[in-house]
Chemist: 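Take a look at this one; I'll ask things after.
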Amino acid sequence: MPKKKATAKRAKKAPASPLLFADTQKSSDQLYVGGFTVPDAFVSFKKGRNWYAVLNQLEYARALKESRFDEVLQLELWLEMAREKFQRAKVGYAELVATLAEEFEIESFKVPGDFPSSLAFRLVEMGVKLDVCEGTLFPSREKKSEEEIAMIREGNRCSATGIRAAEKAIRQSVIKKGKLYLGGKVLSSERLRGIIEVACLEAGSLSMDTIAAGGDQACDPHCAGNGPLRANELIIVDVFPRVSKTGYHGDMTRTFLKGKANEAQKGIVDAVFKAQQDAIQKVKTGVNGKDVHGSVVETFSRLGYETRRSENGAEGFIHGTGHGLGLEVHEAPRVSIVSNKLKRNAVVTVEPGLYYPGVGGCRIEDVVAVRDEGPELLSKYHYRWQLK
């Protein structure tokens with residue numbers, strides 16, 4: 001009989017430990033892990049069940065009191081250990097991470113796609129193994145806790161505050177030679193954005209890249225708008241502030257018109273409102289976001305609003321129906337042509353729009369939490385759009 005070959009048991013490979021090097025302004029992952037803000041890039045990593053942060057003496061004491069990290073390490077002490085390990089006076093974050101890997105017996109690190117390339121190359125040169133994560137480093141971020149949902153609701157309160165300020169300014173404006181004037185001065189997109197952003201700031205949030213675009217400018221959904229706002233034109237106001245205390249966002253859009261709307265304008269606003277309200281009611285745990293998006297397309301088609309594409313661009317319904325909202329304005333999941341079942345406690349926007357140069361653009365956006373029994377509205381503002 002042939003002898004049985006001896007087989008050595010393979011040692012189970014330890015999973016790669018997540019590693020971040022970023023500040024909390026640029027990295028929502030870093031803010032998600034630590035739960036407190038740091039303006040400068042710092043190292044955080046996971047070993048076993050615990051998350052560690054390596055912070056300098058400026059941030060160390062605050063991190064002990066405010067952060068969610070299981071343990072906070074002193075940067076100065078670990079840099080000294082790195083100097084001893086590498087036997088040189090000048091060391092940086094690459095040497096620091098290599099020292100951490102040795103001391104914590106970490107075989108490899110898993111890093112996000114936006115991990116600094118210069119640091120990654122240096123670590124690889126030093127023999128530190130890195131696995132670049134495909135997709136998100138934290139899939140769990142898609143499903144929000146009740147605390148996170150409350151924070152997003154607060155973000156939408158700030159959004160509504162900004163939209164309310166915009167509506168008030170447009171309503172109080174007067175029409176002179178086809179342009180809107182407020183307090184004797186032209187009400188421009190730039191001025192209206194300033195009014196919105198001040199209101200959001202006073203409400204406890206920071207609104208960046210706010211959209212206040214009128215007329216044909218609003219037919220480009222991400223055009224911020226510039227120049228004078230005009231009477232009898234649709235004005236899209238899209239406000240997505242970040243709450244200063246928590247880092248969570250709100251995101252709401254309303255469309256207004258000062259003066260008299262024509263039948264074409266009334267038609268697209270009515271169609272967008274119908275499509276949006278119908279789509280909101282379809283949001284539920286397990287529902288495919290692609291089907292929610294499809295219902296919007298069907299509503300517009302039934303009402304006679306087709307999407308057309310040409311060498312000059314596209315008009316009609318030219319974007320997805322919604323996206324996830326949280327520590328980033330755009331995060332998982334998507335409500336679009338991509339198949340994607342909605343998970344319980346995900347938070348998504350529902351924001352269909354129609355855009356026809358010569359008529360104008362209209363978008364209406366609200367935010368909902370995905371629940372087993374249906375949508376839970378996290379934003380609140382009226383839909384009256386014609387202002388006299």
Side-chain angles (χ1 to χ4, degrees), residues 25 151-175 179-231 233-259 269 272 276 319 323 325 327-330 349-351 353 355 360-367 378-388:
Q25 182 66 35
M151 291 174 181
I152 295 169
R153 189 188 296 277
E154 171 62 13
N156 285 309
R157 183 192 68 81
C158 294
S159 295
T161 298
I163 291 173
R164 186 177 299 108
E167 180 189 357
K168 181 179 178 181
I170 296 170
R171 188 183 296 277
Q172 291 182 344
S173 67
V174 296
I175 300 170
K179 297 178 183 178
L180 303 187
Y181 283 76
L182 182 66
K185 297 180 180 179
V186 170
L187 181 60
S188 63
S189 290
E190 293 87 347
R191 190 178 174 196
L192 188 60
R193 271 198 303 277
I195 291 170
I196 294 166
E197 290 168 0
V198 167
C200 287
L201 192 63
E202 291 177 343
S205 64
L206 185 62
S207 182
M208 301 289 289
D209 303 315
T210 306
I211 294 172
D216 283 353
Q217 289 184 9
C219 294
D220 182 348
H222 282 167
C223 176
N226 62 82
L229 294 168
R230 301 180 183 279
E233 288 188 341
L234 294 168
I235 302 169
I236 290 179
V237 177
D238 190 346
V239 185
F240 35 98
R242 188 187 198 206
V243 178
S244 301
K245 184 178 180 180
T246 67
Y248 283 81
H249 287 268
D251 193 4
M252 293 175 63
T253 306
R254 292 293 186 269
T255 300
F256 299 108
L257 181 144
K258 173 74 173 185
V269 174
V272 170
Q276 196 243 12
H319 54 70
H323 54 80
L325 182 69
L327 288 171
E328 295 182 62
V329 176
H330 295 137
T349 67
V350 182
E351 49 177 310
Y355 311 91
C362 173
R363 184 166 65 255
I364 301 173
E365 176 183 23
D366 284 296
V367 179
L378 302 182
S379 57
K380 184 179 180 181
Y381 200 77
H382 69 78
Y383 302 99
R384 299 183 296 275
W385 61 280
Q386 295 189 72
L387 309 180
K388 295 182 180 180

Chemist: How would you list, by chain and number, every residue that makes a salt bridge (charged side-chain N to carboxylate O under 4.0 Å, His left out) with Glu365, sequence neighbours excluded?
Modeler: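 Testing Glu365 for salt bridge (charged side-chain N to carboxylate O under 4.0 Å, His left out), a comparison that skips the adjacent residues, returns none.
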Chemist: With a 3.5 Å cut-off and sequence neighbours excluded, list the donor-acceptor pairs that the side chains of residues 214-230 form with protein atoms.
Modeler:
residue	atom	partner	partner atom	Å
Asp216	OD1	Gly358	N	2.7
Gln217	OE1	Asn226	N	2.8
Gln217	NE2	Asn226	O	2.9

Chemist: Would you call Glu167 and Arg164 a salt bridge, using N to O less than 4.0 angstrom?
Modeler: no
Chemist: So if I apply the side chain to side chain donor-acceptor pair (under 3.5 Å) rule between Glu351 and each of Gln276, His323, His319, which one comes out positive?
Modeler: His323
Chemist: Looking at Ala212 and Leu192, what are the two nearest heavy atoms and their distance?
Modeler: CB-CD2, 3.9 Å
Chemist: Main chain of His382, side chain of Arg254: is a donor-acceptor contact present, judged purely on distance under 3.5 Å?
Modeler: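 At least one qualifying donor-acceptor pair exists.
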Chemist: According to salt bridge (charged side-chain N to carboxylate O under 4.0 Å, His left out), who are the partners of Arg193, at least two apart in sequence or on a separate chain?
Modeler: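 Applying salt bridge (charged side-chain N to carboxylate O under 4.0 Å, His left out) to Arg193 gives none.
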Chemist: Let me confirm one number: the CG-CG distance from Leu180 to Leu187, rounded to the nearest 0.5 Å.
Modeler: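 Answer for the CG-CG pair, Leu180 versus Leu187, is 5.5 Å.
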Chemist: Sequence neighbours excluded, which residues qualify as side-chain contact (heavy atoms from CB on, under 4.5 Å) partners of Leu201?
Modeler: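 In terms of side-chain contact (heavy atoms from CB on, under 4.5 Å), with neighbours along the sequence ignored, Leu201 is linked to Leu206.
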Chemist: Check whether Arg153 reaches the backbone of Leu378 with its side chain - one donor and one acceptor, N or O, closer than 3.5 Å.
Modeler: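 Between the backbone of Leu378 and the side chain of Arg153 there is no qualifying donor-acceptor contact (under 3.5 Å).
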Chemist: Tell me every residue that passes side-chain contact (heavy atoms from CB on, under 4.5 Å) with Ser207, counting only those two or more places apart in sequence or in another chain.
Modeler: Glu197, Cys200, Thr210, Val239, Pro241
Chemist: Any non-hydrogen side-chain atom of Val367 less than 4.5 Å from a side-chain atom of Phe240?
Modeler: no
Chemist: List for me each residue that meets salt bridge (charged side-chain N to carboxylate O under 4.0 Å, His left out) alongside Asp251, sequence neighbours excluded, and say none if there are none.
Modeler: none
Chemist: Nearest 0.5 Å, please: how far is CG in Leu182 from CD1 in Ile195?
Modeler: 5.5 Å
Chemist: Just by distance, do the side chain of Arg157 and the backbone of Ala203 share a donor-acceptor pair under 3.5 Å?
Modeler: yes
